[in-house]
Amino acid sequence: MREPTAQVADANNASSSPPPQALLERLKDYGQEDVFALWDELSSDDRDFLVKDIENLDLPRIDRIIRCSFRSQGLPAAAIEPVPEGSVSTVEQRTLEEREKWWKMGLKAITEGKLAVLLLSGGQGTRLGSSDPKGCFNIGLPSGKSLFHLQAERILCVQRLAARSINEGSASPAPIHWYIMTSPFTDESTRKFFESHKYFGLEADQVTFFQQGTIPCVSKDGRFIMEAPHKVARSPDGNGGVYSALKLSRLLEDMATRGVKYVDCYGVDNALVRVADPTFLGYFIDKGVAAAAKVVRKAYPQEKVGVFVRRGKGGPLSVVEYSELDPSMASAINQETGRLRFCWSNVCLHMFTLDFLNQVANALEKDSIYHLAEKKIPSIHGHTAGYKLEQFIFDAFPYTPSTALFEVLRDEEFAPVKNANGSNYDTPDSARLLLLRLHARWVVAAGGFLTHSVPLYATGVEVSPLCSYAGENLEAICRGRTFHAPCEISF
């Protein structure tokens with residue numbers, strides 16, 4: 001009768017065994033020992049999960065990020081000034097000769113394998129009513145193509161334009177390499193989507209997927225929030241996490257090995273994005289700067305977009321969110337130009353040198369300052385008020401010695417897909433209509449005709465990216481022909 005008693009005693013000893021002492025001491029060093037608060041209530045499997053969860057955290061790095069980010073809050077920032085006029089290439093100032101020169105310069109760099117494309121695609125389509133990655137979303141075009149599909153075919157088109165630009169008998173240019181940043185929530189489904197669609201005509205080995213990082217969510221006093229008794233709450237580290245992700249995954253070295261000098265970086269949720277734009281690349285090379293951004297004019301003073309500013313007298317260009325801009329400053333007019341003084345909107349269309357990406361990855365890691373996004377975070381105590389820590393892609397700009405801005409027209413290059421249909425703006429329907437209208441103008445300019453059963457302002461045509469990148473080379477397809485809108489025009 002003594003044996004069962006011994007077994008019960010052993011079980012009791014196991015259930016009361018403390019957390020690993022060395023790990024507990026490490027957590028105490030950073031004030032995070034509360035993650036073991038419910039240890040005694042956990043099963044053996046949950047204890048193992050929690051220990052591994054903590055061991056996978058780079059505690060010194062995360063502690064540095066939390067301390068530096070909290071310390072930076074409330075510090076006075078340098079006064080903001082409008083972007084100097086000389087830093088912006090505006091649409092009306094641009095000459096035909098400049099555009100042609102930049103186009104040729106860009107194509108030459110592409111034929112030499114000097115351009116890579118970097119896609120920020122960590123987000124899910126939650127606000128669009130989908131749990132799939134945003135790039136999988138079909139905005140309802142006649143072709144039914146997803147955002148990923150459109151962007152892949154634009155890369156293919158630029159490759160063909162580059163190949164045609166070189167002398168006959170020259171070696172074929174290397175493919176444009178496409179680096180795609182996913183997140184733990186979108187990585188597997190993104191890879192499968194590309195595989196199932198045979199990479200949309202691209203070679204599988206010219207596409208590289210990598211994941212952005214995650215970081216623990218913290219309470220108002222900087223302690224880890226527990227999503228479950230055995231699990232720390234985490235969130236993606238923002239689209240600015242791309243810099244550390246490229247460094248940690250050694251992809252900056254991969255780019256250098258491939259001979260890449262310039263990186264075109266953009267967000268996935270823009271149906272009109274001109275991926276690997278030769279004109280923008282040529283402008284960037286011609287200016288000799290470390291970073292550049294395409295910008296659109298702010299539509300009206302209260303528009304909820306971040307704008308480029310200059311921080312301090314002679315300071316670097318940076319982006320401030322609309323909420324940081326005083327209403328009187330947002331409405332102020334430049335009397336010489338007639339534009340808003342702060343009018344250049346950031347639309348996440350950037351170009352960087354590879355050298356600068358290496359520098360900024362190191363600088364951001366050294367400074368370890370993240371934005372604190374106040375959120376209600378699901379936790380063991382219900383929804384807890386706390387912070388998600390994020391970096392943004394535009395956090396790089398204050399580190400660059402030189403930035404150039406390149407104005408583009410909204411209705412030609414910016415059709416955001418952020419909100420579900422039925423919302424007031426940035427919906428799949430609004431993005432689809434922007435694309436159809438633009439392509440209708442291309443067709444008419446190329447000598448084509450349109451018929452339509454609904455008013456033309458409510459429809460249009462879709463030109464396959466394999467036919468034309470930006471309206472060029474359409475005369476042979478369109479001149480004298482009539483197309484009934486909506487439809488897709490392809491080879």
Side-chain angles (χ1 to χ4, degrees), residues 106-122 132-138 143-182 186-212 242 245-246 249-268 270-271 273-278 280-281 351-352 354 357 463-470 472-473 490-491:
L107 282 181
K108 183 175 184 291
I110 290 167
T111 63
E112 294 168 349
K114 293 181 179 178
L115 179 71
V117 172
L118 175 58
L119 168 59
L120 310 176
S121 183
D132 292 330
K134 279 186 183 178
C136 300
F137 201 81
N138 170 6
S143 67
K145 290 173 183 173
S146 64
L147 294 171
F148 281 143
H149 196 159
L150 293 171
Q151 292 160 22
E153 289 192 343
R154 286 171 192 154
I155 291 174
L156 277 169
C157 186
V158 172
Q159 288 180 177
R160 291 174 184 176
L161 290 167
R164 289 182 201 141
S165 72
I166 60 179
N167 294 326
E168 206 171 311
S170 301
S172 298
I176 297 170
H177 205 86
W178 198 9
Y179 296 88
I180 300 177
M181 186 179 78
T182 65
T186 64
D187 187 72
E188 184 180 1
S189 49
T190 299
R191 291 171 188 264
K192 286 181 176 177
F193 193 74
F194 271 73
E195 289 167 6
S196 66
H197 289 84
K198 296 182 170 52
Y199 293 83
F200 311 104
L202 297 170
E203 298 296 329
D205 61 3
Q206 78 178 98
V207 182
T208 297
F209 300 98
F210 67 102
Q211 288 190 47
Q212 70 182 107
V242 68
L246 284 171
S249 57
R250 305 181 75 90
L251 288 178
L252 295 174
E253 295 172 27
D254 181 74
M255 291 178 185
T257 301
R258 295 177 188 276
V260 169
K261 301 290 185 187
Y262 315 110
V263 180
D264 177 26
C265 176
Y266 70 99
V268 71
N270 179 359
V273 59
R274 291 189 183 175
V275 188
D277 181 359
F280 185 38
L281 175 58
M351 192 79 72
F352 303 112
L354 182 58
L357 284 180
V463 175
S464 167
L466 299 179
C467 291
S468 182
Y469 180 77
E472 78 292 333
N473 301 329
S490 59
F491 286 120

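Heavy-atom basis, side chains included; hydrogens, waters and symmetry copies ignored.
Applying the side chain to side chain contact (heavy atoms under 4.5 Å, CB included) criterion to Ala271, with sequence neighbours excluded, gives Ile139, Leu147, Ala415, Val417, Ala431. Not counting sequence neighbours, the partners of Ser249 by the side chain to side chain contact (heavy atoms under 4.5 Å, CB included) test are Phe210, Leu251. When the side-chain hydrogen bond (donor to acceptor under 3.5 Å, both in side chains) test is applied to Asp277, the partners found at least two apart in sequence or on another chain are Lys294. Listed by chain and number, the residues in a ring pair (Phe, Tyr, Trp, His ring centres under 6.0 Å) with Phe137 amount to none (sequence neighbours excluded). Residues that satisfy the side-chain hydrogen bond (donor to acceptor under 3.5 Å, both in side chains) test with Ser143, not counting sequence neighbours, are Glu462. Among residues two or more places apart in sequence or in another chain, the salt bridge (Lys or Arg N to Asp or Glu O under 4.0 Å) test is passed with Asp132 by none. When the side-chain hydrogen bond (donor to acceptor under 3.5 Å, both in side chains) test is applied to Thr186, the partners found at least two apart in sequence or on another chain are Ser183. Looking at residues two or more places apart in sequence or on another chain, you find a side chain to side chain contact (heavy atoms under 4.5 Å, CB included) between Gln211 and Thr182, Pro184, Asp187.
Ring planes of Phe194 and Phe200: perpendicular class, angle over 60° (limits at 30 and 60°).
Residues Arg191 and Glu195 are not paired through a salt bridge, judged by the lack of any N-O separation under 4.0 Å between the basic side chain and the carboxylate.
Looking at Lys145 and Pro465, their side chains come closer than 4.5 Å, going by heavy atoms from C-beta outward. Here the side chains of Leu156 and Leu466 are in contact, with some heavy-atom distance below 4.5 Å.
Within the structure, the salt bridge (charged side-chain N to carboxylate O under 4.0 Å, His left out) test picks out no pair touching residues 156-167 (sequence neighbours left out). For residues 107-122, every residue pair satisfying the salt bridge (charged side-chain N to carboxylate O under 4.0 Å, His left out) rule, not counting sequence neighbours, is listed here: Lys108-Glu112, Glu112-Lys114. Applying the salt bridge (charged side-chain N to carboxylate O under 4.0 Å, His left out) rule to pairs touching residues 198-208 yields nothing, sequence neighbours excluded.
Looking at every heavy atom in both residues, Gly122 comes nearest to Gln212 through CA-OE1, 3.5 Å. The minimum heavy-atom distance between Ser165 and Thr111, with the atom names listed, is OG-CG2, 3.7 Å. Closest heavy-atom contact between Ala162 and Pro173: C-CG, 4.5 Å. Here the closest non-hydrogen pair linking Ser146 and Cys136 is CB-O, 3.5 Å. For the pair Ser172 and Ile166, the tightest heavy-atom approach, listed with the atom from each and the gap, is CA-CD1, 4.5 Å. Taking each heavy atom of Arg154 and Val273 in turn, the nearest pair found is NH1-O, 3.0 Å.
Separating the CG atom in Leu354 from the CG atom in Leu252 is a distance of 6.0 Å, to the nearest 0.5 Å. Atom CZ of Phe193 sits about 9.0 Å away from atom NE2 of His149, to the nearest 0.5 Å. Within the model, atoms CG of Leu119 and CZ of Phe209 stand 9.5 Å from one another, a figure rounded to the nearest 0.5 Å.
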| task | Applying side chain to side chain contact (heavy atoms under 4.5 Å, CB included), run through Phe280 and Met351 and close with a yes or a no. | result | CA-CA 8 Å; Phe280 185 38; Met351 192 79 72; 3.6 Å; yes

| said: Run Asn473 and Leu161 through side chain to side chain contact (heavy atoms under 4.5 Å, CB included) and show every step you take. | reply: CA-CA 10 Å; Asn473 301 329; Leu161 290 167; 3.8 Å; yes

| task | Might you work through the side chain to side chain contact (heavy atoms under 4.5 Å, CB included) test for Ile110 and Ile176, ending with a clear yes or no? | result | CA-CA 7 Å; Ile110 290 167; Ile176 297 170; 3.9 Å; yes

When the side chains of residues 257-267 are checked against the rest of the protein, which donor-acceptor pairs come out under 3.5 Å, sequence neighbours left out?
unit_1	atom_1	unit_2	atom_2	d
Thr257	OG1	Glu253	O	2.9
Arg258	NE	Tyr179	OH	3.2
Arg258	NE	Asp254	OD2	2.8
Arg258	NH1	His177	ND1	3.4
Asp264	OD2	Ala276	N	2.7
Tyr266	OH	Gln151	OE1	2.9
Tyr266	OH	Trp178	NE1	3.4

